[in-house]
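Heavy atoms only: backbone and side chains are in, while hydrogens, waters and symmetry mates are out. Proteins get letters first, then strands, A, B, ... in listed order; numbering begins at 1 in each.
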Amino acid sequence: MSELQPVRGTRDLIGEDHRRHLHVIDTARRVAARYGLEEWATPIFEDTRVFSRSLGDTSDVVMKEMYSFTDRGGDSLTLRPEGTAGVCRALVTNGLTQSLPQKVFYAGPMFRYERPQKGRYRQFHQIGAEVIGPAEPLADAEIIACGWDILQALGIADDVVLEVNTLGDRESRDAYRAALVDYFTAHQAGLSEDSLLRLERNPLRILDSKDEADRRIIADAPDIHAHLTPEAAAFYDRLKSYLAGFGVPFVDNPRIVRGLDYYGHTAFEFVTTRLGAQGTVMAGGRYDGLVAEMGGPPTPAVGWAAGIERLSMLLTEVPAAPRPVAVVPVGEAAEATALAVLQSLRRAGIRAEMAYRGNMKRRLERANRIGARAVIILGETELARGVAQVKDFSTGTQQEVLLAELIAKLQ
RNA sequence: GCGGGCGUAGCUCAGAUGGUAGAGCGCCAGGUUGUGGUCUUGGAUGUCGCGGGUUCGAGUCCCGUCGCUCGCCCCA
């Protein structure tokens, strides 16, 4: 075992791991484009205030999980823990609040200082989608439909259930929070220690406690729907009918919550039972207050993010490693022709390789090791006649092909 | 920050009650000086995570430590 190991919570993406990872991004990118999303790439580190503002002062626990550092100029910078804040900052700094709506897709690394566990790393990767501008629930439904299509294109939709909820507007939320505090205070005696703490700090979070005793109490907890203003209830109804219109199956889950104040109305999660404790595969909601936090005008927005590592683990069909054609010259005299053949294949769009050294046997062994689908053997007897031996590695059969017909033969 | 499991060859792992370390796969070489994969013969693997202790003797027992992993907390 070598002395230098990857830093805790990071890992190398090599071979199949990387093919899975790329497949997720490529697929998501392709589907997102069909919805008219444009891909943005924002910096992976930002002024710490970009994130501290978006989090508010309520969650200093979360602040402790940020990778923050002071640079040589004395500024506090932070490796981005999520993508939405940076996108909103970019929207404002590029003056795009004047050209709404903006429909954005992104993919890239995120960083959180937390204890690694299944599907959870300190450097992890997300894809994300945001629609900034529209206040209509049609935008919520559309971005959810986009996420659903991506999961389908990845072949994992069968293992995933879409759960939706509404957090209502400000008025609804305040009323609901008060009702929850009343209810849980009345049932304090049965609550777990953790939930008693949550009751003081963040009562909504009790709703997703994993403690069994808690769950029994939660089952009879007040429902947000009883506390929705007529406007908020209408918004949620329209969302659900649009989802039906887009053909996206979903279930109501009134227990989905969000911790931060700028979240309102739609909240949703795509969940699976196949990943142990990390069941959420894609999650999002409406965040009408965030752009204003970044110094822009009040601007409604809705979006989601998904962890690429988790999606990769769910893939059942792994993209196959590419199979090249190997060119095998026999003897020095054949090398010049071999190079010409090699390049003509590559320029015709065929993945082609030639070993740097070795006799024929070695080169064939190497061709086999790299998964070649065929080898082109060029020796003196072939050169003299302007042909090559083409051996199909799947079947083991070999035939003579005119050099001029090689590309057509291997296309 | 807290709890459970695990650290032995490149990989997956076996090594009852302490006696100087093994298998499969992979790798290297030969059988085959113009034919891979299959077959066959042979070969090389190692600070048994690290440090200390007990013992005539520790991969094995004890203490500590680091790492991995699953979960709790947290989840923007």
Side-chain angles (χ1 to χ4, degrees), chain A residues 1-11 15 46 50-56 58-66 78 80-88 110-121 124 126 128 192-195 197-198 201-202 204-205 208-211 214 256-263 267 269 275-280 283-285 287 290 293 303-305 307 310 326 328-331 334 355 358-383 388-398:
Chain A
M1 200 175 295
S2 75
E3 200 176 322
L4 291 173
Q5 296 292 315
V7 170
R8 184 179 182 75
T10 69
R11 60 176 201 148
E46 298 266 3
V50 169
F51 306 111
S52 61
R53 256 189 224 180
S54 73
L55 294 167
T58 51
S59 55
D60 54 9
V61 188
V62 161
M63 293 278 286
K64 290 192 176 104
E65 297 193 349
M66 299 202 309
T78 295
R80 62 184 185 191
E82 52 103 19
T84 306
V87 166
C88 289
M110 309 290 166
F111 304 85
R112 295 181 191 178
Y113 189 88
E114 59 188 353
R115 193 78 181 247
Q117 50 186 286
K118 191 179 182 68
R120 252 180 126 160
Y121 302 90
F124 59 105
Q126 285 187 331
S192 68
E193 220 170 290
D194 286 329
S195 286
L197 270 172
R198 286 188 275 237
R201 281 211 288 257
N202 198 348
L204 292 181
R205 281 283 169 207
D208 48 25
S209 169
K210 287 167 186 163
D211 184 271
D214 285 354
I256 293 177
V257 297
R258 290 287 122 91
L260 303 174
D261 281 346
Y262 57 76
Y263 282 109
E269 299 183 356
L275 288 179
Q278 264 59 52
T280 302
Y287 50 95
L290 184 54
E293 294 284 345
W304 51 254
R310 292 184 194 175
V328 177
V330 184
N359 59 24
M360 183 178 188
K361 183 179 169 67
R362 273 205 180 293
R363 287 168 188 265
L364 286 171
E365 278 172 1
R366 179 181 146 75
N368 187 59
R369 195 160 47 230
I370 65 176
R373 51 187 245 252
V375 293
I376 297 171
I377 299 167
L378 287 163
E380 283 179 33
T381 50
E382 286 80 16
L383 284 186
Q389 301 296 330
V390 175
K391 180 162 184 173
D392 184 315
F393 258 23
S394 307
T395 61
T397 57
Q398 184 169 315

Task: Partner nucleotide of U45(B) by Watson-Crick or wobble geometry (both distances under 3.5 Å) - done: none
Open item on the list: Between the base of C75(B) and the side chain of Arg120(A), is there a donor and acceptor pair under 3.5 angstrom?
Closed with: yes
- [ ] Name the nucleic acid region contacted by Arg11(A), choosing base, sugar-phosphate or nothing; use a 4.0 angstrom heavy-atom cut-off, strictly under.
- [x] nothing
Task: Pairwise side-chain contact, Glu65(A) with Pro81(A), heavy-atom cut-off 4.5 Å (strictly under) - done: no
Open item on the list: I'd like the P distance from U8(B) over to C48(B), given in whole Å.
Closed with: 11 Å
Task: Spacing between Glu365(A) atom CD and C28(B) atom C1', to the nearest angstrom - done: 10 Å
TODO: Looking only at side-chain atoms of Arg369(A), point me to the closest of C28(B), C75(B), A76(B).
DONE: C28(B)
- [ ] To the nearest Å, give me how far apart CD (Glu114(A)) and P (U69(B)) are.
- [x] 13 Å
Open item on the list: Using the P atom as the point on both nucleotides, what is the distance between A16(B) and C73(B), in whole Å?
Closed with: 39 Å
Open item on the list: Can you measure Tyr113(A) atom OH to C73(B) atom C1' for me and round it to whole angstrom units?
Closed with: 15 Å
Open item on the list: My understanding is that a pair needs two contacts under 3.5 Å, Watson-Crick or G-U wobble. By that rule, which nucleotide pairs with C73(B)?
Closed with: none
Open item on the list: With rounding to the nearest 0.5 angstrom, report the CD to OG distance, Glu293(A) to Ser52(A).
Closed with: 10.0 Å
TODO: Have a look at Leu197(A) and say if it touches a base, only the backbone sugar-phosphate, or nothing, with a 4.0 Å heavy-atom cut-off.
DONE: nothing
Open item on the list: Say we look at C56(B) and U40(B): how far apart would their P atoms be, to the nearest angstrom?
Closed with: 50 Å
Open item on the list: Any base atoms under 4.0 Å from Arg366(A), or only sugar-phosphate, or nothing? Heavy atoms, all strands.
Closed with: nothing
Task: Nearest-Å distance once atom P is located in both C50(B) and U60(B) - done: 11 Å
TODO: May I have the distance from Lys391(A) (atom NZ) to U38(B) (atom C1'), rounded to whole angstrom?
DONE: 11 Å
TODO: May I ask you to say what Thr84(A) touches in the nucleic acid, namely base, sugar-phosphate or nothing, with a heavy-atom cut-off under 4.0 Å?
DONE: nothing
Open item on the list: If you only use heavy atoms from C-beta on, which nucleotide in G34(B), C74(B), A76(B) is closest to the side chain of Arg198(A)?
Closed with: C74(B)
Task: Closest nucleotide among C72(B), U35(B), A76(B) to the Gln117(A) side chain - done: C72(B)
Open item on the list: Say we look at C28(B) and U69(B): how far apart would their P atoms be, to the nearest angstrom?
Closed with: 30 Å
Open item on the list: Any base atoms under 4.0 Å from Glu193(A), or only sugar-phosphate, or nothing? Heavy atoms, all strands.
Closed with: nothing
Open item on the list: Distance check, C1' atoms only: G19(B) and G24(B), in whole angstrom units.
Closed with: 27 Å
Task: U32(B) versus G15(B) - spacing of their P atoms, nearest Å - done: 42 Å
Task: Closest nucleotide among C28(B), A76(B), G36(B) to the Met66(A) side chain - done: A76(B)
Task: Spacing of Gln126(A) atom CD and Thr84(A) atom OG1 [to the nearest 0.5 Å] - done: 8.0 Å
TODO: Evaluate the side-chain proximity of Cys88(A) to Tyr287(A): yes if any heavy-atom separation is below 4.5 Å, no if none is.
DONE: yes
- [ ] Check every strand shown and say whether Tyr263(A) touches a base, only sugar-phosphate, or nothing at a heavy-atom separation below 4.0 Å.
- [x] sugar-phosphate
Task: Spacing between Arg8(A) atom CZ and C68(B) atom P, to the nearest angstrom - done: 5 Å
- [ ] Calculate, to the nearest 0.5 Å, the distance between atoms CG and CZ belonging to Leu364(A) and Phe393(A) respectively.
- [x] 5.0 Å
Task: Selection from A76(B), C73(B), U35(B) that lies nearest to any side-chain heavy atom of Glu82(A) - done: A76(B)
Task: Closest to the Arg205(A) side chain, choosing from G3(B), U35(B), C75(B) - done: C75(B)
Task: Atom-pair distance (CG on Asn359(A); P on U32(B)), nearest Å - done: 15 Å
Open item on the list: Rounding to an integer number of Å, can you tell me how far Ile377(A) CD1 sits from G37(B) P?
Closed with: 13 Å
Task: Opposite nucleotide pairing with C6(B), Watson-Crick or G-U, both atom distances under 3.5 Å - done: G67(B)
Open item on the list: Using heavy-atom distances to pick each residue's nearest nucleotide on RNA chain B, tell me which of Met360(A) and Pro116(A) is more 5'.
Closed with: Met360(A)
Open item on the list: Please pick, from C27(B), A76(B), C73(B), the nucleotide with the shortest atom-to-atom distance to any side-chain atom of Pro81(A).
Closed with: A76(B)
Open item on the list: Regarding Gly331(A), tell me which of base, sugar-phosphate or nothing describes its non-hydrogen contacts under 4.0 Å with the strands shown.
Closed with: nothing
TODO: Tell whether Lys361(A) reaches the base of U35(B) with its side chain through a donor-acceptor pair below 3.5 angstrom.
DONE: no
- [ ] Quick one: look up who U54(B) pairs with, Watson-Crick or G-U, both distances under 3.5 Å, and put none if it's unpaired.
- [x] none
TODO: Using a 4.5 Å cut-off on heavy atoms from C-beta on, say whether the side chain of Arg120(A) contacts that of Arg115(A).
DONE: no
Task: Rounded C1' spacing from G52(B) to C66(B) in Å - done: 14 Å
Open item on the list: Counting distance alone, no hydrogens or angles: does the base of G37(B) have a donor or acceptor under 3.5 Å from a partner atom on the side chain of Asn368(A)?
Closed with: no
Task: Residue closer to the 5' end of RNA chain B, Tyr121(A) versus Asn202(A) (nearest nucleotide) - done: Tyr121(A)
Open item on the list: Taking atom types as they are modelled, would you say the side chain of Gln398(A) forms a donor-acceptor pair with the base of U35(B) within the 3.5 Å cutoff?
Closed with: yes
TODO: Take atom CZ of Arg112(A) and atom C1' of C73(B), then tell me their distance rounded to the nearest Å.
DONE: 15 Å
Task: Neighbour count >12 (heavy atoms, 6.0 Å) for atom CD, Glu365(A) - done: yes
